[in-house]
Amino acid sequence: MSTEAPPDVEVGQWHRLDRRMLLIRPVLDVVKSLPVLIGTVLLGRGNGWEWIGLGVTALTVCVGISHVLTSRYRIAEGQVEWTTGLLLRKHRAIPLDRIRTVDVTSEPKHRLFSLSAVRIGTGRHSAVSSSDQLVLDAVSETEAHRLRTVLLHRKEVASEAEAAPPPEQVVAEVDRKWVRYAPFTLSGLAVVGAVFAAVWHFAHQLNIDPENVGPLRDLMDGLANTALWLIVVVAAVALLVVVSLLSVGGYVLSFWNFKLTRETEGTLHVRRGLITTRSVSIEEERLRGVEIKEPLPLRIAGGARLTAIAGGLREGKGGDKGGGLLLPPAPVGRVHEVAAEVLRENFDPATVPLDRHPRRALTRRLTRTVGGVLILAAVLFGLYWIDFLPAWMWQVALALVPFAALVGWDAYRNLGHAIVGRYLVSRSGSLARATVAIRREGVTGIVVSRSFFQRRAGLITVTAPIAAGRGGYQVVDVGESAGLATAEQAAPGLLTPFLRREAQR
């Protein structure tokens, strides 16, 4: 909830952000304002625009300093309160029983002065608002531990000196040998693509022609006298080396000193990071299941990664991404062991026998994979026929038909679902195979849907909505009777009135 001003009567003690942030915040604000400052100076050229840039920069710095000086927080009357602002006052209060996660992050700017940023998550998901999080962006590391203890374990700790890490049991630790799985995550490919796109856009904006750049012109002249197949091979090898190196570097930066522990108060605690350290705490009573992700390259290498499905963990970008990671890319056997340990069950969700789906589901997958490639080949052939593209392009597309058929068959082979104890387990996908185990008591409803083509094939898709993770998990292309039976088992009684009504008709 939010109010306009803090209450006059202070029941708890108010705390301020660490003043050492005043040595960091102005520098960061100046760096953020550099594009505006540089732009106004270049456009100004004596007509006064540069003063506007300086004014905007000074205003930004003043706002940042005001935020550090005026921000206060406290824990009192069953809620955490936060207030900030000099001219425009803001006040927020979040009940403790709505807090789902506490995410402690220490970026290089924080680690310079032993500070941390604490993100308090409530579990509300919003694509247009950040009201589901309260961020204290500059507290000492000891104070961060105190806040985590108070907010998650509801233990009253009066001061930083009394804060101490609770006893914990190690569930998993990173093995340095696991770095061999980094190249198969293809994370480096995304970095290469982003860099190439940025350089290309920058060159286009400045009207830079590659032929006018000496080294690039010499390279193009050298390639003109080289066989095409050799260029392709060399470029592929070079790209593979660069992507692998970037992936390994990203793995080390993200998962250095990774440790998953279980605290006696019933909390899973994840710590990781080399330059930027991150500490995420997940209450086990909020845990709704786990998901084992196996992208095709990682699966070929015998690896997988494990994520938590829990209330309060946002699936987004930037600081929200990876909050539910329970194990980085690691040997698939170790991932299975950790999944069973996290669930406190004597079964591994990735190896339990699953009910197979009808062969009609195979037809749907082959139609989509093979049909898509054939349509692409036909389009490329049409462009070749009008002398717009070379012939080898449609020929290469046509040669991909066997691979597409293999992907379709693998996607069908991976389809399956089962009810195992308290969990609904489902698996799907080929290029990105995922196995999900969610607690049935966390299912908030059942959605049964089918498209026009599914109706013709006698198949349905059963979606189990859940207040965690992606918000809902599917059992796709299952037979109608088997799907309804699974839905009834997953959420007993929800479909009974509809099934009786259908039977009466």
Note, Tyr73 side chain near Val139 side chain (heavy atom, < 4.5 Å)
yes
Could you list the residues that satisfy ring-ring contact (aromatic ring centres under 6.0 Å, His included) with Tyr423, not counting sequence neighbours?
Phe347
Should the pair Arg72 and Trp14 be classed as cation-pi, given the thresholds of under 6.0 Å to the six-membered ring centre and 45° from the axis?
yes
Please check: side-chain N/O of Thr277 versus main-chain N/O of Gly273, any donor-acceptor pairing under 3.5 Å?
no
Any salt bridge linking Glu168 with Arg271? Criterion: basic side-chain nitrogen under 4.0 Å from a carboxylate oxygen.
yes
Under a 3.5 Å distance rule, please check whether Ser71 uses its side chain to pair with a backbone N or O of Val68 as donor and acceptor.
no
Any side-chain heavy-atom pair from Ile300 and Phe184 closer than 4.5 angstrom?
no
Run the side-chain hydrogen bond (donor to acceptor under 3.5 Å, both in side chains) test against Ser430 and tell me which residues pass, sequence neighbours left out.
Asp410
Any chance you could measure Thr70, atom OG1, to Ile65, atom CD1, to the nearest 0.5 Å?
11.5 Å
Basic-acidic side-chain contact under 4.0 Å: Glu294, Arg433
yes
To the nearest 0.5 Å, what is the distance between CZ on Phe113 and CE on Met21?
10.0 Å
Any chance you could measure Leu383, atom CG, to Leu389, atom CG, to the nearest 0.5 Å?
5.0 Å
For Arg288, the salt bridge (Lys or Arg N to Asp or Glu O under 4.0 Å) test, sequence neighbours excluded, returns none
Indicate yes or no for a side-chain donor-acceptor contact from Thr435 to the backbone of Ile292 under 3.5 Å, with no hydrogens or angles considered.
no
Do Lys90 and Thr83 pass the side chain to side chain contact (heavy atoms under 4.5 Å, CB included) test, and can you show the C-alpha distance, the side-chain angles, and the key distance before you say yes or no?
CA-CA 5 Å; Lys90 296 181 181 179; Thr83 178; over 6 Å; no
Sequence neighbours excluded, every pair satisfying salt bridge (Lys or Arg N to Asp or Glu O under 4.0 Å) that has a member inside residues 251-262:
Glu173-Lys259, Arg262-Glu284, Arg262-Glu341
What are the two closest heavy atoms between Leu28 and Lys109, and how far apart are they?
CD1-CD, 3.3 Å
Compare every heavy atom of Ile466 with every heavy atom of Thr444, then report the nearest pair and how far apart it is.
OG1-N, 4.1 Å
Do the side chain of Asn414 and the main chain of Ser428 share a donor and acceptor less than 3.5 angstrom apart?
no
If you apply the rule side chain to side chain contact (heavy atoms under 4.5 Å, CB included), what do you find for Ile446 with Thr463, and how did you get there?
CA-CA 6 Å; Ile446 289 293; Thr463 302; over 6 Å; no
Please report the interatomic distance CD1(Ile275) to CG(Leu253), rounded to the nearest 0.5 Å.
5.0 Å
Which pairs count as salt bridge (Lys or Arg N to Asp or Glu O under 4.0 Å) when at least one residue sits in residues 17-26, sequence neighbours excluded?
Asp18-Arg20, Arg25-Asp29, Arg25-Asp137
Donor + acceptor pair across side chains of Ser106, Ser116 (<3.5 Å):
yes
What one should report as the nearest heavy-atom pair of Arg278 and Val280 is NE-CG2, 3.7 Å
Looking at Leu69, is its backbone amide N or carbonyl O close enough to the side chain of Arg16 to form a donor-acceptor pair, meaning the two atoms are under 3.5 Å apart?
yes
For Ser244 against Pro183, the heavy-atom pair lying closest together:
OG-CB, 3.8 Å
Value rounded to 0.5 Å, distance of CD in Glu291 from CG in Leu326:
11.0 Å
Counting C-beta onward and ignoring hydrogens, is there a side-chain heavy-atom pair between Val436 and Val425 closer than 4.5 Å?
no
Side chain proximity check, Thr261 to Val171, heavy atoms < 4.5 angstrom
no
What do the steps show when you test Val102 against Leu147 for side chain to side chain contact (heavy atoms under 4.5 Å, CB included), and what is the final call?
CA-CA 8 Å; Val102 176; Leu147 289 172; 5.7 Å; no
By ring-ring contact (aromatic ring centres under 6.0 Å, His included), Phe255 pairs with (sequence neighbours left out) Tyr251
For side chain to side chain contact (heavy atoms under 4.5 Å, CB included), just list the numbers for Trp178 and Arg334, CA-CA rounded to whole Å, side-chain angles, deciding distance to a tenth of an Å, and then say yes or no.
CA-CA 11 Å; Trp178 295 354; Arg334 182 60 180 144; 3.9 Å; yes
Please give me the minimum heavy-atom distance between Arg440 and Leu424, naming the atom from each residue.
CG-N, 4.0 Å
Are Ile309 and Leu287 packed together at the side-chain level, in the sense that at least one heavy-atom pair is separated by less than 4.5 angstrom?
no
Quick check: does any side chain N or O of Ser66 sit under 3.5 Å from a backbone N or O of Cys62, one acting as donor and the other as acceptor?
no
Side-chain touch Arg180/Pro331, heavy atoms, less than 4.5 angstrom:
yes
Kindly indicate whether the side chain of Asp103, heavy atoms from C-beta on, has any atom under 4.5 Å from the side chain of Val118.
no
Between Leu134 and Arg92, is any pair of side-chain heavy atoms under 4.5 Å apart?
yes
Counting distance only, does the side-chain N/O of Thr267 pair as donor-acceptor with the main-chain N or O of Glu263 below 3.5 Å?
no
Closest non-hydrogen contact found for Leu325 with Arg305 is CD1-CD, 4.5 Å
Say you draw a straight line from CZ of Phe258 to CG of Leu327; how long is it, rounded to the nearest 0.5 Å?
5.5 Å
